K.L.:
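One structure follows; several queries about it will come next.
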Amino acid sequence: MSGFNKVVESYEEAMSGLEDGMTIIAGGFGLCGNPENLIKEIKKKGTKGLTIVSNNCGTTNHGLGILLHDKQVKKMVASYVGENEEFERQMMSGELEVELTPQGTLAEKMRAAGAGIPAFFTATGYGTPVAEGKETREINGRHYILEESIKGDFAIVKAWKADTYGNLVFRKTARNFNPMAATAGKITVVEVEEIVQPGELDPDHIHTPGIYVDRVIKGNFEKVIEQRTTRPSA
Amino acid sequence: MSGFNKVVESYEEAMSGLEDGMTIIAGGFGLCGNPENLIKEIKKKGTKGLTIVSNNCGTTNHGLGILLHDKQVKKMVASYVGENEEFERQMMSGELEVELTPQGTLAEKMRAAGAGIPAFFTATGYGTPVAEGKETREINGRHYILEESIKGDFAIVKAWKADTYGNLVFRKTARNFNPMAATAGKITVVEVEEIVQPGELDPDHIHTPGIYVDRVIKGNFEKVIEQRTTRPSA
Amino acid sequence: MALSREQLAQRVAQELQDGYYVNLGIGIPTLVANYVPKGIEVMLQSENGLLGMGQFPTDDEVDADLINAGKQTVTMATGASLFDSAESFAMIRGGHVDLTVLGAFEVDCQGNIASYMIPGKLIKGMGGAMDLVAGADNIIVTMTHASKHGESKLLAECTLPLTGKGCIKKVLTDLAFLEIKEGKFHLLERAPGVSVDEIVKLTAGELVVPDNVPEMTFS
Amino acid sequence: MALSREQLAQRVAQELQDGYYVNLGIGIPTLVANYVPKGIEVMLQSENGLLGMGQFPTDDEVDADLINAGKQTVTMATGASLFDSAESFAMIRGGHVDLTVLGAFEVDCQGNIASYMIPGKLIKGMGGAMDLVAGADNIIVTMTHASKHGESKLLAECTLPLTGKGCIKKVLTDLAFLEIKEGKFHLLERAPGVSVDEIVKLTAGELVVPDNVPEMTFS
């Protein structure tokens with residue numbers, strides 16, 4: 001690697017340095033825009049005792065869900081359990097530690113980590129189990145709780161296109177948590193559908209500047225659809 | 001106005017409702033990307049006792065600077081005084097109240113206001129005059145101060161293009177504070193170089209979704225350059 | 001007669017106003033989109049990063065990269081915009097969404113809502129619901145008035161873990177449309193053919209009943 | 001001989017490493033861009049919303065919408081990206097910039113820096129400087145060692161309002177390159193032809209002088 005070329009050639013290289021007990025921030029909303037091949041690489045590596053921060057944990061057989069089978073995950077920080085029975089089972093049985101976090105708070109925690117903000121106040125979760133043990137404060141007549149940012153040893157991200165400098169463009173709702181995740185990893189690894197040369201992406205329309213990105217790899221994606229819903233053709 | 005059509009035809013209409021003593025959040029970095037015609041309309045209206053939140057106050061004769069001449073501004077919240085002698089003079093003499101705010105903190109205060117975050121911790125300004133009277137806290141061995149969000153009665157914004165629904169696209173470094181300002185106004189007014197029909201802007205590349213925007217007007221722009229620096233042609 | 005799911009959606013749709021940005025939760029709220037009154041335009045926000053959600057795609061239009069918060073494939077309406085989750089919740093938490101419609105297990109007359117878990121039985125997670133109820137001024141909760149066993153879901157105090165505290169002001173059930181204020185439920189309308197007595201019987205929290213309770217009307 | 005402005009820039013440039021993202025302040029720091037060592041690529045961040053700042057434009061290229069933090073017209077380098085001020089300072093405050101170079105009025109041996117105002121005389125404002133010094137691990141302050149009147153600017157304690165507290169570890173003056181640690185200045189290098197005695201005389205804060213203080217070399 002030299003200069004700003006961040007392209008790596010193998011998934012092994014992409015995830016090198018990942019160790020037992022680390023924290024991983026993962027982009028994706030269910031199976032939409034999830035870094036599916038990076039997740040498969042983690043499964044293959046067999047890394048254990050992971051803390052995973054992601055909106056949900058994929059489905060039972062796809063996405064992050066595949067890391068639950070071999071008990072690679074010690075703790076999940078997520079907003080949603082639904083659509084993954086194994087997640088719910090391990091949570092109910094106490095095998096898996098779970099920190100249920102409101103979706104907006106989760107997105108903001110990742111952004112804050114990347115932006116040097118260690119904590120922020122939010123109304124979300126005030127007076128609910130989410131507020132337990134957290135500082136509360138009344139500001140201008142409204143109640144808020146203090147939430148802390150959340151940083152990962154690794155961030156795993158799925159983008160549509162990258163240039164070799166790691167500038168990223170996302171596509172449609174596959175963007176979701178990916179841009180924030182990209183800012184919150186000590187090492188940020190991105191898999192993309194297409195790698196282009198620097199200068200090919202419009203600078204005004206780069207969603208994630210390359211400064212946040214450490215490694216880029218081109219992958220092939222299955223893109224499983226969770227709820228295929230259609231209307232009849234006219 | 002009906003449905004989501006936010007286009008107004010006159011600057012008078014664009015700034016209607018502005019009253020003495022209100023707070024205005026303004027986009028722009030010096031004269032780059034500043035809502036110059038909206039500012040001229042405020043001068044024309046002669047509204048007084050304004051609090052203006054903006055990175056700087058234009059120059060002595062352009063941009064927000066023109067509101068200083070007739071003492072329309074009671075208070076400036078800004079990061080930078082340089083390049084505007086009248087600003088410095090009024091500040092030194094005490095005629096103008098000034099809250100000097102670090103540039104990144106200012107951007108974050110606007111974003112926080114739009115995002116429902118009343119306050120956040122930041123390392124910026126710890127141990128400096130900016131920290132005076134503010135709560136400090138040590139988190140993971142680093143010192144932070146608590147900064148509050150800042151909301152405006154009006155936000156005035158300059159974008160490159162808008163569709164009639166108020167979806168915005170900015171151009172190059174004229175983006176600067178504009179997207180955050182757009183989220184922080186009770187009434188957000190945007191002037192643009194071109195208005196297009198809904199559907200003409202690529203949804204993946206809209207910088208500010210129309211939900212933040214109340215009024216859109218097409219303007220003609222002088223675009224004064226503060227420091228024209230060039231290299232010889234090859 | 002208790003309202004059908006479709007009627008619930010229809011009644012909620014009467015609350016829509018021209019130019020509203022609306023977030024519709026999973027389930028009954030989603031159906032509201034089918035009953036937008038004539039002459040009115042609304043724009044649907046999907047918290048996974050889409051403003052201007054369109055109808056379901058045809059087979060040819062299906063795109064794995066374009067889903068709603070229920071993870072269903074969708075399309076975009078004209079003038080739609082796409083953004084990341086932080087921006088999406090900035091909109092929601094910053095109070096920019098005009099109307100939020102969502103379901104619940106229980107509400108109480110303090111405006112509390114419980115919707116995301118039943119300890120020991122069911123853990124779905126709150127998803128974006130805690131953000132939605134904390135961020136919006138204008139929320140309509142749609143739910144059945146009572147359980148299948150006739151237990152009221154409109155309580156003096158919620159028994160399940162809360163999704164939000166003191167944030168609900170309007171509840172539409174299959175039997176009634178109610179407002180919550182000053183620590184009480186206030187009966188505004190009743191479903192066609194449903195008696196005030198029945199509503200009183202199935203409302204566990206304190207209920208204020210005015211002299212005249214109009215029936216809902218559907219056009 | 002005291003270093004020229006160009007030599008200050010040259011010496012800072014020796015600290016650049018391949019792949020560094022760098023923020024250069026107004027004045028001398030800006031000149032660093034002219035001395036990037038051969039075989040090394042760096043990318044310049046301009047805090048008004050540009051990563052990958054290029055050279056000044058030709059007359060034909062001048063664009064009022066493309067300026068740097070000093071409000072000078074600039075161009076973009078290949079692979080540049082543009083963003084808003086919140087994103088720009090997220091980069092800075094989140095510690096993603098590898099090296100920050102900026103000027104100062106004073107620094108002291110506690111790592112404090114003063115650079116944005118002289119009470120009663122001059123108020124420029126801090127601009128992005130407070131964010132830059134609070135956000136970066138790797139900062140080089142460039143300044144003259146003493147005032148025209150021979151008053152040291154490397155103090156035991158800053159006298160002017162601070163821009164940042166305990167955040168400066170490296171200072172390059174026209175006379176010396178110094179490190180700040182454990183509450184002391186440590187002399188690392190001296191400008192060619194400048195004696196250790198002269199540096200000692202013009203350093204008001206406690207200064208540790210090793211047995212051997214090499215002269216800076218310029219290629």
Side-chain angles (χ1 to χ4, degrees), chain A residues 33 102-126 134-151 159-161 167-176 178-180 193 201-209, chain B residues 33 102-126 134-151 159-161 167-176 178-180 193 201-209:
Chain A
Q103 198 172 141
T105 296
L106 190 62
E108 196 65 27
K109 276 169 169 271
M110 291 183 193
R111 180 195 177 271
I117 293 170
F120 56 89
F121 283 100
T122 177
T124 299
Y126 173 78
K134 287 174 189 160
E135 181 177 333
T136 63
R137 186 175 301 201
E138 195 177 331
I139 302 174
N140 297 327
R142 241 183 122 185
H143 294 278
Y144 297 92
I145 63 175
L146 187 67
E147 290 280 6
E148 291 184 5
S149 66
I150 192 159
K151 217 181 178 75
W160 183 37
K161 290 184 185 181
N167 291 309
L168 308 181
V169 175
F170 301 92
R171 186 172 176 275
K172 299 190 177 173
T173 57
R175 194 181 325 178
N176 56 63
N178 282 299
M180 284 76 67
E193 297 178 43
L201 301 175
D202 181 347
D204 264 321
H205 295 302
I206 287 167
H207 294 127
T208 295
Chain B
Q103 196 171 142
T105 296
L106 190 63
E108 195 66 26
K109 276 170 170 269
M110 292 183 193
R111 180 194 177 271
I117 293 170
F120 56 88
F121 284 99
T122 176
T124 298
Y126 173 77
K134 289 174 187 159
E135 180 176 333
T136 62
R137 187 175 300 202
E138 195 177 329
I139 302 174
N140 297 327
R142 240 183 124 185
H143 295 278
Y144 298 92
I145 63 175
L146 187 66
E147 292 279 6
E148 291 185 6
S149 66
I150 191 159
K151 217 180 178 77
W160 183 38
K161 290 184 185 180
N167 290 310
L168 307 181
V169 175
F170 302 92
R171 186 171 175 275
K172 300 191 177 173
T173 57
R175 195 182 324 178
N176 57 63
N178 282 299
M180 284 76 67
E193 297 178 43
L201 301 175
D202 182 346
D204 265 321
H205 294 302
I206 287 167
H207 294 126
T208 294

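Just so we're on the same page: letters track the sequence lines, and every chain starts at 1. Note that the structure is predicted; figures quoted are calculated from it, not measured.
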K.L.:
What's the shortest heavy-atom distance between A/Val169 and B/His205, and which atoms?
P.N.:
CG1-CE1, 4.0 Å
K.L.:
To the nearest 0.5 Å, how far apart are CG in A/Asp204 and NZ in B/Lys172?
P.N.:
7.5 Å
K.L.:
Check this for me, if you would: do B/Glu148 and A/Arg137 make a salt bridge, where the nitrogen-to-carboxylate-oxygen distance has to be below 4.0 angstrom?
P.N.:
no
K.L.:
Which region of A/Ile139, side chain (C-beta onward) or backbone (N, CA, C, O), has a non-hydrogen atom less than 4.5 Å from a non-hydrogen atom of chain B, or is it both or neither?
P.N.:
side chain
K.L.:
Let me confirm one number: the CZ-CZ distance from B/Arg111 to A/Arg111, rounded to the nearest 0.5 Å.
P.N.:
3.5 Å
K.L.:
For the residue pair B/Phe121 and A/Leu146, establish whether any side-chain heavy-atom pair is separated by less than 4.5 Å.
P.N.:
yes
